Trainee: 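Before I ask anything, let me first share the structure, which is written out below as C-alpha cells.
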Amino acid sequence: QVQLVESGGGLVQAGDSLRLSCAASGGIFSNYVMGWFRQAPGKDRELVASISRGGSRTLVVDAVKGRFAISRDNDDDSVWLQMNSLKPEDTAVYSCAASLTYYLEDPASSYKYWGQGTQVTVSS
C-alpha cells in the first residue's frame with residue numbers, strides 16, 4: 001500500500017510559478033511510474049505529466065509543454081511538478097498517482113494509488 005501526499009498548491013496570478021510536491025510512503029517508490037493529473041470543475045481528469053521508474057523518461061502533455069516539468073528523486077521517495085507561466089486554464093485540483101504500468105501515456109485507470117490532491121487556482 002502506497003500513500004501519496006501532495007503539497008504546494010495555492011492561489012497565484014497568471015504568469016506565476018508553482019512547484020507541486022508529492023511524498024510517497026509505504027512502498028518501493030522506484031517500482032512505480034508516477035503521474036500528475038488534474039481535474040477542473042465540470043471536466044474529466046486528465047494526465048498532465050508522467051515519469052518513468054528511474055526518471056530517464058518523461059511525458060508532458062501538449063497543453064503544458066514548455067511550461068511544466070516533472071521530476072523525481074527515488075532516494076527521497078518524491079516527485080515534483082514544476083509549473084511555470086501559469087494560465088487561468090491551469091486552474092484545477094492536481095493529484096499525483098502511482099502506477100505499475102510501463103507506458104507513460106497510460107490513462108488514469110492504470111494508476112493504482114492516488115493522493116488527495118492539491119488545489120491550484122490561477123487568477124487572470
Side-chain angles (χ1 to χ4, degrees):
Q1 187 82 10
V2 175
Q3 292 82 43
L4 301 172
V5 178
E6 302 97 335
S7 60
L11 172 63
V12 297
Q13 293 187 334
D16 286 350
S17 298
L18 279 176
R19 190 186 194 215
L20 303 184
S21 300
C22 174
S25 62
I28 302 175
F29 184 67
S30 59
N31 281 353
Y32 295 92
V33 163
M34 297 299 297
W36 282 98
F37 292 79
R38 67 184 181 185
Q39 187 167 21
K43 295 188 176 181
D44 292 335
R45 182 163 52 191
E46 62 176 353
L47 175 67
V48 176
S50 56
I51 188 166
S52 61
R53 292 171 177 80
S56 62
R57 295 182 297 124
T58 63
L59 178 148
V60 179
V61 299
D62 287 345
V64 302
K65 193 168 291 183
R67 299 189 297 120
F68 289 15
I70 186 171
S71 59
R72 69 187 294 166
D73 184 340
N74 287 345
D75 291 331
D76 197 36
D77 291 356
S78 295
V79 60
W80 298 275
L81 184 68
Q82 178 67 43
M83 305 186 296
N84 299 327
S85 302
L86 282 160
K87 303 176 181 180
E89 51 263 44
D90 295 320
T91 295
V93 174
Y94 286 73
S95 300
C96 69
S99 172
L100 292 171
T101 186
Y102 174 80
Y103 299 103
L104 299 185
E105 301 84 357
D106 279 354
S109 57
S110 297
Y111 286 75
K112 185 173 184 180
Y113 300 109
W114 291 82
Q116 81 288 350
T118 186
Q119 177 71 46
V120 172
T121 304
V122 185
S123 63
S124 57

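This structure is a prediction, so every number in the text was calculated from the model and none was measured.
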Trainee: Begin with the C-alpha distance, continue with both residues' side-chain angles, and end with the deciding distance and a verdict on side chain to side chain contact (heavy atoms under 4.5 Å, CB included) for V79 and I70.
Mentor: CA-CA 7 Å; V79 60; I70 186 171; 3.9 Å; yes
Trainee: Measure the CG-CD1 distance between N74 and I28 for me, rounded to the nearest 0.5 Å.
Mentor: 11.0 Å
Trainee: Would you say the side chain of Y111 lies within less than 4.5 Å of the side chain of S50, judging by non-hydrogen atoms?
Mentor: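 In contact.
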Trainee: Examine distances only and state if a side-chain atom of S99 and a backbone atom of S110 form a donor-acceptor pair shorter than 3.5 Å.
Mentor: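 Here the side-chain-to-backbone pair exists.
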Trainee: When you look at CG of L100, are more than 12 heavy atoms from neighbouring residues, nucleotides or ligands closer to it than 6.0 Å?
Mentor: yes
Trainee: Step by step, work out the side chain to side chain contact (heavy atoms under 4.5 Å, CB included) result for Q119 and T91.
Mentor: CA-CA 8 Å; Q119 177 71 46; T91 295; 4.0 Å; yes
Trainee: So if you build clusters from Ile, Leu, Val, Met, Phe, Trp, Tyr with side-chain heavy-atom gaps below 4.5 Å, do L104 and V61 land together?
Mentor: yes
Trainee: Identify every side-chain donor-acceptor pair in residues 40-49 under 3.5 Å, counting partners at least two apart or on other chains, and give the distances.
Mentor:
unit_1: E46; atom_1: OE2; unit_2: R38; atom_2: NE; d: 2.6
unit_1: E46; atom_1: OE2; unit_2: R38; atom_2: NH2; d: 3.2

Trainee: Can you list the residues that meet the side-chain hydrogen bond (donor to acceptor under 3.5 Å, both in side chains) rule with S78, with sequence neighbours excluded?
Mentor: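 Testing S78 for side-chain hydrogen bond (donor to acceptor under 3.5 Å, both in side chains), a comparison that skips the adjacent residues, returns D76.
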Trainee: Which heavy-atom pair separates G55 from T58 by the least distance, and what is that distance?
Mentor: O-CG2, 4.5 Å
Trainee: Would a distance-only check, ignoring hydrogens and angles, find a side-chain to backbone donor-acceptor pair under 3.5 Å from E6 to C96?
Mentor: yes
Trainee: Are W80 and V12 joined in one hydrophobic group, where the rule is that I, L, V, M, F, W and Y side chains link up if heavy atoms are under 4.5 Å apart?
Mentor: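 No, it is not one cluster - the side chains of W80 and V12 are not joined through contacts under 4.5 Å.
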Trainee: Are K65 and D62 within salt-bridge range, i.e. N to O under 4.0 Å?
Mentor: yes
Trainee: What distance separates K112 NZ from Q1 CD, expressed to the nearest 0.5 Å?
Mentor: 7.5 Å
Trainee: Who are the side chain to side chain contact (heavy atoms under 4.5 Å, CB included) partners of A98, not counting sequence neighbours?
Mentor: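 Per chain and number, A98 pairs via side chain to side chain contact (heavy atoms under 4.5 Å, CB included) with L4, Y32, M34, Y113.
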Trainee: Under 4.5 Å between any side-chain heavy atoms of R53 and V33, yes or no?
Mentor: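 Yes, side chains in contact.
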Trainee: If I compare all heavy atoms of P88 with all of A14, which pair ends up nearest, and what's the gap?
Mentor: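 Residues P88 and A14, closest heavy atoms: CD-CB, 4.2 Å.
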Trainee: Taking all non-hydrogen atoms of both residues, which atom of S17 and which atom of S85 are closest, and how far apart?
Mentor: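 Here S17 and S85 meet closest at OG-N, 4.2 Å.
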Trainee: Ignoring hydrogens, what is the shortest heavy-atom contact between S21 and W36? Give both atom names and the distance.
Mentor: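 S21 and W36 have their closest heavy atoms at O-CH2, 3.7 Å.
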Trainee: If you apply the rule side chain to side chain contact (heavy atoms under 4.5 Å, CB included), what do you find for M83 with D90, and how did you get there?
Mentor: CA-CA 9 Å; M83 305 186 296; D90 295 320; over 6 Å; no
Trainee: Under 4.5 Å between side-chain heavy atoms, hopping through other hydrophobics if needed: is there a path connecting V2 to F29?
Mentor: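 Same cluster.
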Trainee: Give the minimum heavy-atom separation between S30 and R72, together with the two atoms involved.
Mentor: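 Answer, listing the atom of S30 first, then R72: CA-NH2, 4.0 Å.
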Trainee: Evaluate the side-chain proximity of Q13 to S123: yes if any heavy-atom separation is below 4.5 Å, no if none is.
Mentor: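 Answer yes - side chains close enough.
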Trainee: Using the six-membered ring wherever Trp is involved, compare the ring planes of Y94 and F68 and label them parallel, tilted or perpendicular (cut-offs 30° and 60°).
Mentor: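 Ring orientation of Y94 relative to F68: tilted.
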Trainee: If hydrophobic clusters are built by linking Ile, Leu, Val, Met, Phe, Trp and Tyr wherever their side-chain heavy atoms come under 4.5 Å apart, do L81 and L59 end up in the same one?
Mentor: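 Yes, it is one cluster - the side chains of L81 and L59 are joined through contacts under 4.5 Å.
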